[in-house]
Amino acid sequence: VKQNGRGAAVTYTPDITVAFEAKKRAVLMIKSAISDGRLEPHYQPIIDLKSQKLRGVEALVRVRNTDGTLSGPADFWPALGEPQCSREIDEVMLELALRDFSLWKLCGLGIEFVSVNASTSCIRSSSYADRVLSKLDEYGLDPSELKIEVVESVFLGSESNDVRAVLERLSAEGVRIALDDFGTGYASLSHLRDYPINCIKIDKSFVSGLGQNGSNTAIVQALIGLGRSMKLEVITEGIETQGQLDFVSALGSDFGQGYLLARPMDAQALAQYATASPLP
Ligand code: C2E
Ligand code: CA
Ligand code: CA
Ligand code: CA
């Protein structure tokens with residue numbers, strides 16, 4: 001039993017207490033990782049399915065624990081449940097991703113874009129566009145070299161006008177906007193029409209069932225077809241088998257991402273990977 005702010009006694013059930021403790025731990029873990037510089041972007045190659053060439057990378061957050069091990073989003077994001085903290089992660093990741101990308105560019109690695117994930121609380125903050133644009137400027141990058149991945153839930157709720165303003169400003173400056181986990185969310189078709197979206201990412205949950213599951217096959221086929229007819233760039237994620245790769249390539253997905261092609265890796269490994277794969 002604890003006292004709340006107004007002096008009334010509040011009884012916590014054990015489950016709530018456990019969840020609260022887990023959240024507190026996750027938030028503290030992230031805050032200390034950020035202040036110690038232990039957030040570490042890993043980069044997963046995005047491959048042009050026509051030429052088989054590396055075209056871009058997606059930055060994915062990792063935490064370097066004090067014992068040297070690595071944690072991924074599955075280890076802390078569910079417990080985090082904390083918009084402020086997610087936003088801080090995204091801001092740090094943006095900074096690190098642009099820094100790494102600008103170094104690769106100086107080295108002439110020929111990577112065309114870096115993609116970052118932006119959580120809903122980021123996109124809803126009206127100053128986000130300015131912060132992104134000034135970071136691009138700071139690193140001497142062209143806005144078209146950055147892709148921002150958002151999920152469909154950003155379009156829901158009362159802040160959708162703010163979200164539109166942020167995305168339209170970024171888009172007008174040339175930043176590319178990708179709709180992540182496409183097909184898993186809500187009324188996605190009107191979002192494709194009403195917001196400045198350049199790219200859809202077909203969710204790996206559909207791709208994993210290709211071949212074994214008729215509905216997933218039909219869904220992937222329809223989503224790629226939709227993207228192509230709307231002249232959107234199509235990235236298929238979660239490609240793990242040659243069969244899946246052949247299928248989505250034949251349907252005209254522009255890009256592919258998945259363990260079969262390459263796993264996420266740290267900045268140094270990515271630079272080696274890019275050097276080993278010949279330039280287009
Ligand atoms: P996502 O944006 O859909 O990212 C793709 C996830 O799929 C990554 O997991 C990646 O490692 C994994 N993946 C890639 N290829 C394959 C494959 O062939 N098979 C399978 N089974 N998985 C594959 P990760 O890095 O654990 O990230 C999970 C989620 O956490 C991301 O899903 C994204 O929603 C979120 N996330 C990661 N980094 C950030 C970040 O910096 N900011 C925000 N807001 N979210 C992030
Ligand atoms: Ca993503
Ligand atoms: Ca995704
Ligand atoms: Ca996902």
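Atoms within each ligand, like the ligands themselves, are counted from 1 in listed order. Keep in mind the model is a prediction, meaning the values are calculated, not measured.
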What residue among Val207, Leu210, Ile224, Ile239 forms side chain to side chain contact (heavy atoms under 4.5 Å, CB included) with Phe247?
-> Leu210

With a cut-off of 3.0 Å, does any N, O or S atom of Asp181 fall short of it relative to the Ca ion (ligand 2)?
-> no

Between the Ca ion (ligand 2) and Ser115, is there an N, O or S atom separated by less than 3.0 Å?
-> no

Heavy-atom proximity to [atom], best of [options]:
| atom | options | value |
| --- | --- | --- |
| atom 6 (C) of ligand 1 | Lys204, Gln257, Gln244 | Lys204 |
| atom 43 (C) of ligand 1 | Asp90, Val92, Val150 | Asp90 |
| atom 4 (O) of ligand 1 | Ile89, Thr120, Leu60, Ile239 | Leu60 |

Please indicate whether any nitrogen or oxygen in Pro264 is less than 3.5 Å from any nitrogen or oxygen in ligand 1.
-> no

Does an N or O anywhere in Asn117 fall below 3.5 Å from an N or O of ligand 1?
-> yes

Would you say Gly72 contacts ligand 1, with heavy atoms under 4.0 Å as the rule?
-> no

Assess Glu58 for proximity to ligand 1: is some non-hydrogen atom of it under 4.0 Å away?
-> yes

Should the proximity of [X] to ligand 1, defined as any heavy atom under 4.0 Å, be assigned to the side chain, the backbone, both, or neither?
| X | value |
| --- | --- |
| Glu237 | side chain |
| Arg263 | neither |
| Leu260 | neither |

OD2 (Asp180) to the Ca ion (ligand 2) to OE1 (Glu149): angle, nearest 10 degrees?
-> 90°

Gln221 CD to Asn216 CG distance, which is reported to the nearest 0.5 Å = 12.0 Å

Check the surroundings of atom CZ in Arg228: do more than 12 heavy atoms from other residues, nucleotides or ligands lie under 6.0 Å from it?
-> no

